[in-house]
2 protein chains.
Amino acid sequence: MSKRIAGPEIERLIQLLAKVPGLGPRSARRAALHLIKKKEQLFVPLTAAMGEAVEKVRVCSTCGNVDTSDPCTICTDPRREDSTLIVVEDVADLWALERAAAMNVRYHVLGGTLSPLDGIGPDDLNLKALTARVASGSVSEVILAVNATVEGQTTAHYITDQLSSFDVKVTRLAHGVPVGGELDYLDEGTLTAALKSRTAF
Amino acid sequence: MSKRIAGPEIERLIQLLAKVPGLGPRSARRAALHLIKKKEQLFVPLTAAMGEAVEKVRVCSTCGNVDTSDPCTICTDPRREDSTLIVVEDVADLWALERAAAMNVRYHVLGGTLSPLDGIGPDDLNLKALTARVASGSVSEVILAVNATVEGQTTAHYITDQLSSFDVKVTRLAHGVPVGGELDYLDEGTLTAALKSRTAF
């Protein structure tokens, strides 16, 4: 907006809302106006919830997850199996796997992938804590749920190397056709992998 | 999420973020994670900006606009013409017209439209203040920039009636082909209006 049409507090609110993923400059204006209109129902509680979260949020010193307690909710959950550890790049991946709810196990968040070009080496990732958790002896399987990218696979190889001296099974996610996917739209790499790993019908 | 995977503060933050227009349950999770990761750059300043806005925001007693001061920034701007008043349904419409920056005038926000079916009558809208502003004598033209809906047009007729005793010109926005629009995709009502109001080339 070239001319000032509202107080600096509202303009600043719109500017910052526009930086939230999913919102742009136009939807940030719409969001700000909605918040102002629904002041008691949404604006006040959301502001309070943000204030509380920003105050309490921390990184779990055990697994690298973000939560409001340390150790986090997953690490302290007594109903999860200690024997299996799923290694993910990012907290978003942890949340995605939890939504699938396929396994009731524990996680380890790396906080990124090895990427020499970006100057990200082993010391920049949450790797020492992973080795320590495996060394503690209760883990029998480490599932590498890293992305199927070059950096993800490099990181997977590095971790496999690091864990080779321990008596632990290292596995990775299966490659194949996504459930509900159409072959026509899949890339050749995925189709080749799916053919190679074909299973009995 | 069926299982608790994070503290209640984070889950509540996600729930409330999902109510912001432009965000849904999935993008609210992504937004929350982004906020947590960019704590110092975005989460802390956005929380502060929201706290300040929620504290200071108020409705302008002159025109019905929302701002952090009363009278609002537009009503107190000395460089705007007092003689023209643009009547809009909603603050979002005021912002849209300001972005177009076609006129440097003042506004009057109704806060809705007449809608007997929803129980919204003249007393529920910011109409008395409009009559008072026109009666004060400095206004020579009232532009009715209400939506081209049945309710909008009903409201426009009502306002024209109310202002008929004053020496003030009442106009409305032109109907026609949107700039950049293709005739093929336009409804018949718009095309008929555009033909009727054709101008010399």
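To find a chain, count down the sequence lines: A is the first, B the second, and so on, and within it residues start at 1.
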Point to revise | Side chain / backbone / both / neither for A:K19 at chain B, heavy atoms under 4.5 Å | key: both
Check your understanding: Can you name the side-chain hydrogen bond (donor to acceptor under 3.5 Å, both in side chains) partners of B:R133, sequence neighbours left out?
Key -> B:H108
**Study point:** Shortest non-hydrogen separation from B:T155 to B:L110 and the atoms involved
**Key:** CG2-CD1, 3.7 Å
Practice item. Sort out for me which of A:A32, A:A28, A:A31, A:P21 touches chain B most, counting heavy-atom pairs under 4.5 Å. Key: A:P21
Point to revise | chain A interface, residue from B:L17, B:L13, B:L33 that has the most non-hydrogen pairs under 4.5 Å | key: B:L33
Review point. Between A:D123 and A:K128, what is the shortest heavy-atom contact and its length?
Key: OD1-NZ, 4.0 Å
Check your understanding: Which pairs count as salt bridge (charged side-chain N to carboxylate O under 4.0 Å, His left out) when at least one residue sits in residues 85-96 of chain B, sequence neighbours excluded?
Key -> A:K37-B:D90
Review point. Does the side chain of B:D82 reach to within under 4.5 Å of the side chain of B:V139, using non-hydrogen atoms?
Key: no
Practice item. Would you mind telling me which of B:K39, B:Q15, B:R12, B:Q41 has the largest number of heavy-atom pairs within less than 4.5 Å of chain A? Key: B:K39
Point to revise | Top of A:L16, A:N65, A:L35, A:V20 for chain B proximity - count of heavy-atom pairs under 4.5 angstrom | key: A:L16
Revision key, fill the gap. So the salt bridge (charged side-chain N to carboxylate O under 4.0 Å, His left out) pairs with at least one residue in residues 159-175 of chain B (sequence neighbours excluded) are none
Revision key, fill the gap. Contact list (residues 43-63 of chain B to chain A, heavy-atom gap under 4.5 Å, by number) returns B:F43, B:V44, B:P45, B:L46, B:T47, B:A49, B:M50, B:G51, B:E52, B:A53, B:V54, B:K56, B:V57
Exercise for review: Return the minimal non-hydrogen interatomic distance between B:A194 and B:G176, and the atom names on each side.
Suggested key: CB-CA, 3.9 Å
Point to revise | A:D77 side-chain N/O to A:R79 backbone N/O, donor-acceptor pair under 3.5 Å | key: yes
